[in-house]
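Notes follow once the structure below has been shown.
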Amino acid sequence: MKYIDLRSDTVTQPTDEMRQAMHDAEVGDDVYEDDPTINRLEELAAKEVGKEAALFVVSGTMGNQIAIMSHTKMGDEIIVGSNSHIVQNEVGAAARLSGVSYAIVDNPDTKIYKEDVLSKIRTENVHYPDTGLLCLENALANGTVVSLEEMKELYQTAHKNNIPVHLDGARLFNAATYLNVPAKKIAQYTDSVTFCISKGLSSPVGSLLCGSKEFIKKARRMRKLLGGGLRQAGVLASCGIISIEKMVDRLQGDHDNAKYLATKLNKIKGFSVDMDRVQINMVFCKVNREDFDFQEFAEKLLEKGIKTNSGEGNTIRFVTNKDVSKEDIDYVVECIREII
Ligand SMILES: *Cc1c(COP(=O)(O)O)cnc(C)c1O
């Protein structure tokens with residue numbers, strides 16, 4: 001059965017072209033830096049985000065963690081948002097792998113502002129840890145995008161205080177699409193950046209960690225330390241090349257579909273979406289109805305071939321992606337009306 005899957009953009013299936021590219025990929029042993037397809041992907045990724053070098057890693061989590069390991073020393077503190085992937089969804093890895101603690105910024109909009117950075121930076125004092133890194137996210141996990149002006153201000157503030165900036169850009173290309181700029185315009189305000197090819201860009205596996213040559217050399221060593229050295233993984237990298245070259249332009253379609261879905265949900269009694277926050281491919285819908293059972297709602301949708309998360313609190317997250325069409329959204333809304 002074909003499902004309409006709105007749980008995430010990680011569920012995207014590789015395209016036929018990707019499957020063919022996997023079949024045809026020229027490969028080698030990447031620990032010897034001998035895989036021509038991985039080398040091509042890394043060059044392409046670096047160029048795309050305006051950095052000197054890049055490293056292919058198996059996941060966004062691995063990219064972020066290698067970045068933290070490479071930028072910091074044990075005992076440092078990193079400045080990071082309370083709702084960020086690094087704090088919420090990476091199993092506390094920064095504490096475990098890098099031995100750092102978190103200076104958590106907790107704003108209702110989940111953004112980090114200049115004032116937050118200034119207030120969290122540690123001064124020299126025998127009692128304090130050193131501030132080792134500022135970790136930003138763009139797009140944010142709540143589906144909103146940080147502007148170029150804000151990025152610039154944060155970057156300059158951190159650099160004035162000799163603190164490097166890592167960007168978790170899992171959805172960097174969604175943010176760039178929203179801002180209508182090339183990804184490197186955002187990445188210019190970072191020292192390192194991770195982006196996922198396995199989400200809206202539809203590759204089966206992987207992320208790219210990008211930065212200076214020197215930084216990536218260190219990161220390559222850290223990847224090996226984590227057991228993440230790759231061999232003939234050009235099979236996977238071949239998809240990443242297609243992601244970057246051919247799947248970026250279609251992200252606007254996902255964003256349009258998210259807006260379309262949000263507009264339709266807003267017409268249903270008790271359902272509300274803040275349209276100002278529908279900036280990428282994510283729709284956060286609040287449900288305010290008597291006796292509404294989120295679990296049961298998700299189960300009934302599933303019976304109709306629609307996969308969704310059952311929600312957190314009174315909010316359901318819908319994520320549009322390559323494998324969901326506008327017609328699918330019409331069907332989803334029709335089913336929601338029927339169920340309630
Ligand atoms: C998806 C995501 C990641 C990486 O997730 P992996 O499953 O490890 O690839 C990192 N940060 C954010 C904000 C994400 O949405």
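Atoms considered below: every heavy atom in the structure, side chains included; atoms not considered: hydrogens, waters and symmetry mates. Counting begins at 1 with the first residue of the sequence. As the structure lists them, so they are numbered: ligands from 1, and atoms in each ligand from 1. Treat the numbers as computed from the prediction; the structure is a model and nothing was measured.
Taking a cut-off of under 4.0 Å to the non-hydrogen atoms of S59, the atoms of ligand 1 that pass are 8 (O), 9 (O). Counting the atoms of ligand 1 from 1 in the order shown, those under 4.0 Å from a heavy atom of G60 are 4 (C), 6 (P), 8 (O), 9 (O).
For T37 against G234, the heavy-atom pair with the smallest separation is CG2-O, 3.5 Å.
Both V278 and V287 are part of a single hydrophobic cluster, where members link through side-chain heavy atoms under 4.5 Å apart.
Residue E90 has no nitrogen or oxygen atom sitting less than 3.5 Å from a nitrogen or oxygen atom of ligand 1, judged on distance alone. Here's the thing with S207: none of its N/O atoms is less than 3.5 angstrom from an N/O atom of ligand 1.
Below 30°, between 30° and 60°, or above 60°: for F297 and F292 the angle between ring planes is between 30° and 60°, a tilted geometry. Using cut-offs of 30° and 60° for the angle between ring planes, the F195 and F173 rings count as perpendicular.
For T61, heavy-atom contacts with ligand 1 shorter than 4.0 Å involve the backbone as well as the side chain.
For atom 15 (O) of ligand 1, a protein heavy-atom neighbour is found at a distance under 4.0 Å.
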Side chains of residues 95-106: which donor-acceptor partners sit under 3.5 Å, not counting sequence neighbours?
residue: S98; atom: OG; partner: M69; partner atom: N; Å: 3.3
residue: D106; atom: OD1; partner: S82; partner atom: OG; Å: 2.8

Open item on the list: Between K73 and D76, does the salt bridge (Lys or Arg N to Asp or Glu O under 4.0 Å) criterion hold? Intermediate values first, please.
Closed with: CA-CA 6 Å; K73 63 179 189 310; D76 279 357; 2.8 Å; yes
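Within the structure, ligand 1 lacks M62 among the residues with a heavy atom less than 4.0 angstrom away.
Every residue two or more places apart in sequence or in another chain was checked for a ring-ring contact (aromatic ring centres under 6.0 Å, His included) with Y178, and none qualifies.
Among R171, Q65, K199, H85, the residue whose heavy atom lies closest to atom 1 (C) of ligand 1 is K199.
In terms of protein heavy-atom proximity, atom 11 (N) of ligand 1 is closest to D168 OD2, 2.6 Å.
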